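Quick caveat, the model's predicted, so the values are computed rather than measured. Residue numbering restarts at 1 for every chain, and letters A, B, ... go by the order of the sequence lines.
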Protein chains: 2
Amino acid sequence: MAQINTTQYALLGMLSFQPMSGYDIKKIIDHSISFFWSENYGHIYPVLKKMEEQELVTKQTVHTEGNPSKNLYSITDKGKALFTRWLNAPVQKKIIRLEILLKLFFGFMTDIDNMIGKVTEERKSAQAILDELAEIENHIKSNQQEALKDKPPYPLLCLNYGKFFYRAVTQWCDETIDILRKEKAKEE
Amino acid sequence: MAQINTTQYALLGMLSFQPMSGYDIKKIIDHSISFFWSENYGHIYPVLKKMEEQELVTKQTVHTEGNPSKNLYSITDKGKALFTRWLNAPVQKKIIRLEILLKLFFGFMTDIDNMIGKVTEERKSAQAILDELAEIENHIKSNQQEALKDKPPYPLLCLNYGKFFYRAVTQWCDETIDILRKEKAKEE
DNA sequence: GCGCCCATGTAACTAGTTACATGATTCA
DNA sequence: TGAATCATGTAACTAGTTACATGGGCGC
């Protein structure tokens with residue numbers, strides 16, 4: 001089975017909220033789903049172009065005062081149909097590569113302090129993301145879109161995943177650092 | 001900053017246990033770190049070849065009775081040095097893309113039942129991995145390598161991450177399914 | 001004048017996946 | 001006889017990253 005272009009679906013999804021430019025989409029992604037999704041311009045622009053060719057989106061160049069002109073993309077019916085098909089298809093199962101665990105697995109090749117440091121860093125990152133999630137939560141709650149009022153709070157459910165996940169990570173870090181410290185004491 | 005070839009380091013790490021063929025490495029990965037790392041032959045073989053050219057590993061063709069001949073790769077001092085440098089370098093921070101959350105985020109575009117189904121599937125997968133982790137745990141504990149006896153139990157620490165993570169996922173799934181069911185009831 | 005934000009894009013590259021091809025042996 | 005395991009590899013491809021290039025407006 002072929003690999004699917006998830007970026008394409010992320011873009012179509014964003015455009016199903018409202019017409020936007022590539023730049024807008026990136027900004028929104030960075031401020032709403034950044035803790036589980038990222039895109040970069042070098043991928044966004046070519047994919048938008050490709051989707052335009054396939055008539056999944058249409059482009060409209062808009063000029064506004066004081067700003068450079070921007071390309072507003074709108075999702076077409078064909079795009080909506082494709083997006084809905086993807087939404088209904090099963091989630092692709094793929095292994096999430098965790099570099100921290102790869103390093104830890106080979107920890108025997110280095111000294112314990114290095115590994116304690118790595119896990120400590122990981123804990124810091126997890127805490128930082130947890131803090132960021134709180135900010136995103138405020139952003140979502142204040143930007144509640146009228147049209148979605150009667151729908152389930154999907155963005156908050158996603159956010160909740162982040163909370164569960166990164167809380168678990170901090171707990172694991174604490175436990176792991178503890179074990180490694182004891183191992184270090186044994187060594188001496 | 002350039003992207004680093006993590007596959008290369010996964011292979012070097014495996015070869016730092018003992019000399020192995022590409023086939024062996026794949027098998028070991030699938031039986032020990034598969035819940036957070038995967039590799040496929042189409043990537044392993046070319047990377048081994050490239051590393052041989054760079055003198056990070058050496059190849060030795062071995063013939064055994066009843067089996068096809070295999071290419072045993074050994075890590076060189078240069079390879080060890082590079083691997084150690086990587087082990088000491090900070091873990092690359094990159095966003096883990098979670099397709100389940102991408103779909104859930106755009107849940108408003110489809111019906112609640114679809115989303116309940118997706119989360120239910122996710123819960124099943126998480127539980128399956130949790131079961132798999134128990135098996136891997138047995139495998140690790142029975143295959144304890146003598147040489148690593150006095151080292152911290154790194155493989156078990158990795159496994160523990162999996163337990164924390166997937167336990168958190170199942171909890172999130174339960175909570176999420178509950179919320180969605182209530183939203184559905186409200187709808188009717 | 002400098003740096004930041006707005007805004008779009010391409011080129012070169014690396015990483016990773018899938019499908020295909022080959023061929024021996026073992027076990028039911 | 002057919003499936004599974006052992007074993008290696010390539011070709012074609014898709015996805016994604018990084019660096020580079022451009023240029024206007026705004027605020028300090």
- Task: Taking only Lys NZ, Arg NE, NH1 and NH2, and the carboxylate oxygens of Asp or Glu, determine whether E99(A) and K103(A) approach each other closer than 4.0 Å.
- Result: yes

- May I ask you to say whether E175(B) pairs ionically with K163(A), meaning some side-chain N is under 4.0 Å from a carboxylate O? no

- Upstream residue (5' side of DNA chain C) when K70(A) and G42(A) are each assigned their closest nucleotide: K70(A)

Side chain of [X]: nearest nucleotide among [options]?
X	options	result
N71(A)	dG9(D), dG9(C), dT18(D)	dG9(C)
H43(B)	dA7(D), dG16(C), dT18(D)	dG16(C)
D24(B)	dG16(C), dC5(C), dA7(D)	dA7(D)
N5(B)	dG16(C), dA7(D), dG16(D)	dG16(C)
Y45(B)	dT17(C), dA7(C), dA7(D)	dA7(D)
K59(B)	dT17(D), dG9(D), dT10(C)	dG9(D)

- Item | Ring centre gap for F83(B) and F106(A) strictly below 6.0 Å | yes

- Message: Taking the ring centre of each residue, are F17(B) and F108(A) less than 6.0 Å apart?
- Response: yes

Under 4.0 Å between a side-chain N or O of [X] and OP1 or OP2 of [N]?
X	N	value
R97(B)	dG16(D)	yes
N40(B)	dT17(C)	yes
K49(B)	dT10(D)	yes
K26(B)	dC6(D)	no
T6(A)	dG16(D)	yes
Y23(A)	dT8(C)	no
S69(A)	dA7(C)	no

For [X] and [N], what is the distance between atoms [atom1] and [atom2] respectively, to the nearest whole Å?
X	N	atom1	atom2	value
E39(A)	dT8(C)	CD	P	16 Å
Y41(A)	dG23(D)	OH	C1'	15 Å
I44(B)	dA15(C)	CD1	C1'	14 Å
I25(B)	dC6(D)	CD1	C1'	16 Å
K50(B)	dT10(D)	NZ	P	14 Å

- Let me know, please, whether G22(B) or T7(A) comes out on the 5' side of the other along DNA chain D by nearest nucleotide. G22(B)

- Query: Is there a donor-acceptor contact under 3.5 Å linking the side chains of T7(A) and E39(A)?
  - Reply: yes

